[in-house]
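One structure is given here, and the rest of the page talks about it.
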Amino acid sequence: MNVTIKTPEDIEKMRIAGRLAAEVLEMIEEHVKPGVTTDEIDRICHDYIVNTQDAIPAPLNYGAAPGRPGFPKSICTSLNHVVCHGIPGGKKLKNGDVLNIDITVIKDDYHGDTSKMFLVGDVQPFNQKLCKVTQECLYKGIAEVKPGARLSDIGRVIEKHAHANHYSVVEEYCGHGIGKVFHEEPQVLHYNGYGEQNDCILQEGMTFTIEPMINAGKKFTKLLGDGWTAVTKDRRPSAQWEHTLAVTADGVEILTLRKDEVLPF
Ligand code: MF3
Ligand code: CO
Ligand code: CO
């Protein structure tokens, strides 16, 4: 595996990009309410990233490939049974929805990538629990990160916590190395799935995301005809939380930590 090790200068730039991505999530909070469309949320985030932060929204036109257009918007909005990569559109949010907003900004060539769940109005307790347990899965994964630990330790603790709550873990999408490149090695699995050959020992200077997608029902996903939107096959809800991390000399630094965020460790 070809995992890049970042210098302290690289990490300082990642810190800035990470903080900007986190600040977009802080900024958008007050706008996420019943009656607002995900297009309006996209527009507010786009303008904030471009005009206030003087940064670039990484998703816009990202990932064009033969037979698939680039991503058409500046953020991902994944509602209820959408697992990830939901495309903002004209549908209004309604009371009881759970919405993931995933922000990736590029500043001074470096990426910061983070997402969280927003509860729209009064959310059913079973959906609140799904969101909470998924955030706990992220935190348990982060708590494993330190030099000498293995990448596979992350997926193992995430899967254990999801299964203990009778949820399933999405396998088709994973966390990723990040830096000047949006998605680079290593792949960070959120389940117990490494063969000996793709596992790796964590070292100071690695930067990657952890972004578990946890389903209330079965783990299987389906890609919609737009080439991007991934939904649960059984149409039951899915939640996701994401941070960008750096492995430090003695542990981990969360580069996309929000001001209001209280860590359990
Ligand atoms: N932000 C997503 C991730 O966590 C990737 C979005 S790619 C897009 O890796 F093209 F869908 F925006
Ligand atoms: Co990511
Ligand atoms: Co993301």
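Each ligand, and each atom within it, is numbered from 1 in the order the structure gives. Remember, it's a predicted structure, so these values are computed and weren't measured experimentally.
For ligand 1, the atoms closer than 4.0 angstrom to any heavy atom of His183 are 3 (C), 5 (C), 9 (O). Shown in contact with Thr104 at under 4.0 Å from a heavy atom are these atoms of ligand 1, numbered in order with element: 1 (N). Atoms of ligand 1 lying under 4.0 Å from any heavy atom of Glu211, numbered from 1 in the order shown and given with element: 3 (C), 4 (O), 9 (O). The Trp228 neighbourhood of ligand 1 comprises atoms 8 (C), 10 (F), 11 (F), with distances under 4.0 Å to a heavy atom of that residue.
Counting heavy atoms closer than 4.0 Å to ligand 1, residue Ser115 contributes nothing at all.
Checking Ala230, Pro59, Gly86 against atom 12 (F) of ligand 1, the nearest heavy atom belongs to Pro59. The closest non-hydrogen atom to atom 10 (F) of ligand 1, taken over Phe182, Phe71, Tyr173, comes from Phe71. Of the candidates Ile75, Thr114, Asp113, Asp113 brings a heavy atom nearest to atom 3 (C) of ligand 1.
For the pair Lys116 and Phe118, the cation-pi criterion (under 6.0 Å, within 45° of the ring axis) is fulfilled.
When distances from the Co ion (ligand 2) to the N, O or S atoms of Asp113 are compared, OD2 comes out shortest. Of all N/O/S atoms in Glu242, OE1 sits nearest the Co ion (ligand 3). The Co ion (ligand 2) is closest to atom OE2 of Glu211 (considering only N, O or S atoms).
Summary of contacts: the protein heavy atom closest to atom 2 (C) of ligand 1 is Asp102 OD2, 3.4 Å.
Residue-environment remark: CG (Asp54) stays at or below the threshold of 12 foreign heavy atoms within 6.0 Å. The environment of CG in Asp260 is crowded: more than 12 heavy-atom neighbours from other residues, nucleotides or ligands sit within 6.0 Å. More than 12 heavy atoms of other residues, nucleotides or ligands lie within 6.0 Å of CZ in Arg15, so this atom counts as buried by the packing criterion. Shown here is Glu40, whose CD atom has more than 12 heavy atoms of other residues, nucleotides or ligands within 6.0 Å.
Leu25 CG to Glu242 CD: the interatomic distance, rounded to the nearest 0.5 Å, is 9.5 Å.
Ring centroid separation for the pair His31 and Tyr48 does not come in under the 6.0 Å cut-off.
Using the six-membered ring where Trp is involved, Tyr62 and His183 have ring planes that are tilted, between 30° and 60° apart.
Looking only at atom types and distance, the side chain of Thr256 has a donor-acceptor partner in the side chain of His243 under 3.5 Å away. In this model, no donor atom of one side chain and acceptor atom of the other lie less than 3.5 Å apart for His190 and Glu211.
The Co ion (ligand 2) lies under 2.8 Å from an N, O or S atom belonging to His176.
Distances between N or O atoms of Tyr62 and those of ligand 1 include no value under 3.5 Å.
The shell of residues lying under 4.0 angstrom from ligand 1, judged by heavy atoms, excludes Gly63.
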